[in-house]
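Residue numbers begin at 1 in each chain, while the letters A, B, ... track the order of the sequences.
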Amino acid sequence: MNTPKRYTITTALPYTNGPIHIGHLAGVYVPADIYARFLRLTGNDVLFIGGSDEHGVPITIKAKNEGVSPQDIVDKYHEIIKKSFVDFGITYDNYSRTSASIHHETASEFFKTLNEKGEFIEETTEQLYDAEAKQFLADRFVVGTCPKCGNEESYGDQCENCGTSHNATDLINPKSALTGNVPILKETKHWFLPLDKHEAFLKEWILEGHKKDWKPNVYGQCKSWIDDGLRSRAVTRDLDWGIPVPAEGGEGKVLYVWFDAPIGYISSTKEWAAHEGKDWELYWKDKDTKLVHFIGKDNIVFHCIIFPAMLKAEGSYILPENVPANEFLNLEGNKLSTSKNWAVWLPEYLIDFPGQQDVLRYALTANAPETKDNDFTWKDFQARNNNELVAIFGNFINRVVVLTNKYYEGAIPAPVDLLQVDQETLAAIKAYPDVIASSIERYRFREAGQELMNLARLGNKYLADAEPWKVIKVDEQRTKTIMYVALQIASALATLSEPFLPFTSDKLRGILAIEKNEWNEVTTKDVLIPAGHKIEKAELLFSKIEDVTIQAQLDKLEASKKANEIASAVVEPQKSTITFDDFTKLDMRVGTIIEAEKMPKAKKLLVLKVDTGIDVRTIVSGIAESFTAEEVVGKRVTVLVNLAPRALRGVESEGMILMTETPDNKLVFVNPDDSSVGNGLQIS
RNA sequence: GGCGAGGUAGCUCAGUUGGUUAGAGCGUCGGAUUCAUAACCCGGAGGUCGCGGGAUCGUGCCCCGCUCUCGCUACCA
């Protein structure tokens, strides 16, 4: 594309089952916002779109657990998330939600269009249905007799005993695992999007068309999927929370979340257009519009393969020009985890660091996971603030403003005679907009942020070399020129920092008492802040963050770590009572592992030869991630010997080794520690 | 196991189509300075570019093997 007439920028829709944390911000929202702000400053027509993803099974489960409706859950988190975006200066033109009626209509229409065009494959199959639970049963929710070996406890998709896979409907005497009822056969129709049909197009579009401009991680993922062969994906589900399937036979079915969610970008655009009196189609259907999706790496396949295939199938839409997916951010060496509360939540950050949104934005940009997973540490956060924002940026501004007030009572002095160094410095300022723009346009926000900081460095160096505080004593005229030049740098910073540090940019413009400039005016205008203009008193842009503050955050994390240990140390409640007869059915013996080897082509499985005292038998065990084959040989173990054999990857496993698992996921053998206990002795 | 991405200075990362002494920021050490939030400015030290082969006149960059980290995927009665 040459010069786009307008931009449509989307950000991954956050899932409304919790607040958002620094990982979301670093990976998606801050880079997208920098991009959007930059484009606006360069005079582009930009539409920056987001919204909450409110459908899907996890929300219904959470609702059930909390005894509220799914709508209650999504209402709660939608508001929290939306507020976080506002608080952190993410400048959406519209932030919508997938439970909005406009979205239901849009997604419905989209589905209908594809359906009418024959872009789906409909498949009606008879599936097992639990009349009491009023739902179709997924494979794992059906047990019955294996048609092949007669095992009575086979699952719907696979028999544990003989290892063959089959369909749930093949089972003899099927039972619902939910209610124990005999399920009935009921016809159910589902719609599939045949991705294989779009394979040729995807190959050409991505593998040939975007080899150069897409990030390696994104391109590689796509190539992997395409080379692997694309298959049909179901776009409907037998569920009741979501968008009803608008087609004959669609009763009791909804659109699968990944189908409806990306359409949310379009719905959000429509909502905005209606509100603003604009034409939404220009932003999605005009070939001069540049569409960019900001996402995390977990979303690559949806935004690069599936959604484009949907748009292409529909026929009237443009395709994304780029999908700059980021990798993941870790926190203090560990993965971010909502369930383990290992995160820095945005609402909490603002309580602990009020008014310091820019510090987090900056730290996350400087350490963004652009090419690989990165680690966020509070120490790094402190260093970014104290050594860069305070020491370089804030300090430069403070020096200039303080001196201007001191020497000239806040009035910008007129330059007298521009020496070579002054001219060079003014010329250097003019180069920055292009340099930073070039980084941003290539989605290298980390680099862009560093370039911005270099402009502040230029300012500090200029002052250090020119030494106005010395010159003032001997040459007042020269001092005026120096301060004039320094003030031009400060003004340039006010404009160029806006995408990265919007709150600071505002504050700085307040101090300098100047209006917003356009990005390119830093290059085109010779005077950014004119002589005679009066500025305000000095005010610190950033403040130092002390060690105690950082320690408090580390303590907070340590506390959630402890809380996790306690939570995982909570003993599971006792299971329902069994009879002595039940117990005596279990035949457990002391045994010794005498041989062990790794199961080929499996990551977790070891094939063990165990002396049970009765015999030497083969047991396949999923312990390969905790133990090597070598270290396990000779281990005393407890074996459940009369467990029905089961084939694992083609190897018959005759029994089970008793294990327990520590909170940090390490497996431990349950075994008698008295060496006089011989193999074959019974556990009773 | 399959696939993808990464492994470059103490830390976080750049290194364009292979071409002279591998770069930046932070940290560290030393110097200079005092307008400024003990900040700024200058200089130094610090790297067998994950490991082992190979192709090349020449490779951090190309090919093969191995290894570690992350993700997707299969397998943990």
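A ring-centre distance under 6.0 Å is not found for A:Trp225 and A:Tyr219. For A:Phe627 and A:Phe669, the ring centers are positioned less than 6.0 Å apart.
Residue contacts for A:Lys223: at a heavy-atom cut-off of 4.0 Å it reaches no nucleic acid atom on any strand shown. At a threshold of 4.0 angstrom between heavy atoms, the contacts of A:Lys603 include nucleobase atoms, whether or not backbone atoms are also involved. Residue-level contact check: A:Leu648 touches the backbone only, with heavy atoms under 4.0 Å from sugar-phosphate atoms and none from bases.
Comparing A:Arg457 and A:Trp225 against RNA chain B, the residue whose closest nucleotide sits nearer the 5' end is A:Arg457.
Set against B:rA14, B:rG71, B:rG25, the side chain of A:Glu447 has B:rA14 as its closest nucleotide. Across B:rC76, B:rC70, B:rU12, the shortest atom-to-atom separation from the side chain of A:Asn367 is found for B:rU12. With B:rU12, B:rC70, B:rA14 as the candidates, the nucleotide lying closest to the side chain of A:Arg384 is B:rU12.
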Next item on the list: Heavy atoms under 4.0 Å is the rule here; annotate nucleotides 6-11 of chain B 5' to 3' with B where the base is hit, S where only the sugar-phosphate is, and - elsewhere.
Entry: S-----
Next item on the list: At under 4.0 Å between heavy atoms, which parts of nucleotides 27-37 of chain B does protein reach? Answer with one letter per nucleotide, 5' to 3': B base, S sugar-phosphate only, - none.
Entry: S------SBBB
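With sequence neighbours excluded, the residues that form a ring-ring contact (aromatic ring centres under 6.0 Å, His included) with A:Phe307 are A:His293.
OP1 or OP2 of B:rG15 sits under 4.0 Å from a side-chain N or O of A:Arg444.
Between A:Phe542 and A:Phe393, the ring-plane angle classifies as perpendicular under the 30° and 60° cut-offs.
Under the 4.0 Å criterion applied to side-chain N and carboxylate O atoms, A:Asp373 and A:Lys335 are not assigned as salt-bridge partners.
Taking atom P on both B:rG19 and B:rG4, the two are 26 Å apart, rounded to the nearest angstrom. One P atom belongs to B:rC51, the other to B:rG44, and the distance between them is 28 Å to the nearest Å. Across B:rG65 and B:rU48, the matching P atoms stand 27 Å from one another, rounded to whole Å.
Of all heavy-atom pairs spanning A:Asn322 and A:Asp213, the tightest one is ND2-O, 3.0 Å.
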Item checked: Criterion side chain to side chain donor-acceptor pair (under 3.5 Å) on A:Thr612 and A:Asp615, from CA distance to verdict -> CA-CA 6 Å; A:Thr612 63; A:Asp615 52 17; 2.8 Å; yes
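Of the inter-residue distances, the one linking A:Asn385 atom CG with A:Lys544 atom NZ reads 9.5 Å to the nearest 0.5 angstrom.
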